[in-house]
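Below: the structure, in structure tokens.
Heads up: numbering here begins at 1 and tracks the sequence. Atoms within a ligand are numbered from 1 in the order they appear, just like the ligands themselves. Computed from heavy atoms alone, side chains included, the values below leave out hydrogens, waters and symmetry copies. Just so it is clear, the model here is predicted, and its values are computed rather than measured.
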Amino acid sequence: MNFAPDIFAGRSAVVTGGATGIGWYIVRMLGGLGANVGIVSRKEENLVRASEQFKAEDGIDVAWRTGDVRDPDGIKKAIDELANENGGLDILVCNAAGNFICPTEELSWNGWRTVIEIDLNGTFNCCQAALPYLKNAGDGGRIISISTTGANFGWPTAAHAGAAKAGIQNLMKSLAVEWGGYGIRCNWISPGPIKGTEGVDRLIIQQGMAEKVTKSIPLGVFGDGDDIANAVVFLAGETGKYISGAELVVDGGAQWNRR
Ligand code: COA
């Protein structure tokens, strides 16, 4: 960790899907830098395991609620409770996502709908629920959504996720304008393949694509979870105070390698 250890002291964050994958690294980083972090995720067993691990390994207490980002009332309740428990809400990280590889020709309506609902509608639900708290955030609220470079180029065999993530990016642009007057900054991070995550396992390794994808990355390796967490800190901290409506790509240069 390369940041001053207390830069988020007195700040509160909610990370959706923060019990696993990239979200787990974001929670650990924000908590390690002094934020009161709350996690919303669907599966209680993941939340219990992660919170025990954060406590034992990093001395970080996280609050958590089970919740499905597709359920606006449930998400509002979870965010209300976490904000009350943690003394408000300064930073919302919309990280929860669902995805699977499926050629569009074979994709059922329900498959399409499910991913759009988790990724795009879920981000909308969380932003709406967090807004009253973000408006009151001490030095301005921040929303950081986790997207993908696939949203910039199309994502063959994951068109559902590509479309949903493109929608998220556009939502962040609109909210940057609409909510900028409240001092809220809205940005998104587009990660490349991050090792050790379910996403890489399911979307790349299980598809037999690990070698091909690695070769396509100019920096030659998959990213670390902390590469994304560092980007969240940059955008959420004082370093990002004039950044809104922007994309931060963290992919080892891969998006420009279209050969
Ligand atoms: N290929 C094709 N269709 C698929 C699929 C796959 N691999 N996985 C799910 N679907 C379809 C289902 O068949 C269903 O459509 P149907 O009713 O027409 O059959 C629809 O998607 C909903 O699936 P279901 O499993 O009922 O939804 P869910 O809400 O329980 O979970 C996901 C949906 C997308 C989140 C599920 O794939 C999942 O749990 N993934 C693990 C978490 C994850 O995706 N993490 C992100 C990694 S990047």
From the candidates C102, G111, G98, the one that places a heavy atom nearest atom 21 (O) of ligand 1: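 Considering heavy atoms of C102, G111, G98, the nearest to atom 21 (O) of ligand 1 sits in G111.
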
Sidechain-backbone polar pair: [X] side chain, [Y] backbone, donor-acceptor under 3.5 Å:
X: S244; Y: C186; value: yes
X: N99; Y: A161; value: no
X: D227; Y: D224; value: yes
X: D71; Y: G67; value: no

Structural part of [X] in contact with ligand 1, heavy atom criterion under 4.0 angstrom:
X: R42; answer: side chain
X: A97; answer: backbone
X: L107; answer: neither

Lys/Arg N to Asp/Glu carboxylate O, [X] vs [Y], below 4.0 Å:
X: D139; Y: K241; answer: no
X: E178; Y: K173; answer: no
X: K77; Y: D73; answer: no
X: R70; Y: E117; answer: no

message: With respect to R70, determine whether any N or O atom, backbone or side chain, lies less than 3.5 Å from an N or O atom of ligand 1.
response: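 Yes; at least one N/O pair falls below 3.5 Å.
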
- prompt: Looking only at heavy atoms, which two atoms of L235 and R142 are closest? And how far apart?
  reply: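 Reported closest heavy-atom pair: O-CG, 4.5 Å.
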
Over all atoms of both residues, closest heavy-atom pair of A137 and L89: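 Minimum heavy-atom separation between A137 and L89: CB-O, 3.9 Å.
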
Do me a favour and list the nearest non-hydrogen protein atom to [atom] with residue, atom name and distance?
atom: atom 17 (O) of ligand 1; result: N110 ND2, 2.8 Å
atom: atom 41 (C) of ligand 1; result: E198 OE2, 3.2 Å
atom: atom 6 (C) of ligand 1; result: F100 CD1, 3.3 Å
atom: atom 33 (C) of ligand 1; result: T114 CG2, 3.6 Å
atom: atom 35 (C) of ligand 1; result: I118 CD1, 3.6 Å
atom: atom 43 (C) of ligand 1; result: R202 NH2, 3.7 Å
atom: atom 47 (C) of ligand 1; result: G199 CA, 3.8 Å
atom: atom 16 (P) of ligand 1; result: S108 OG, 3.5 Å

Are any of the protein's heavy atoms under 4.0 angstrom from [atom], yes or no?
atom: atom 23 (O) of ligand 1; value: no
atom: atom 26 (O) of ligand 1; value: no
atom: atom 12 (C) of ligand 1; value: no

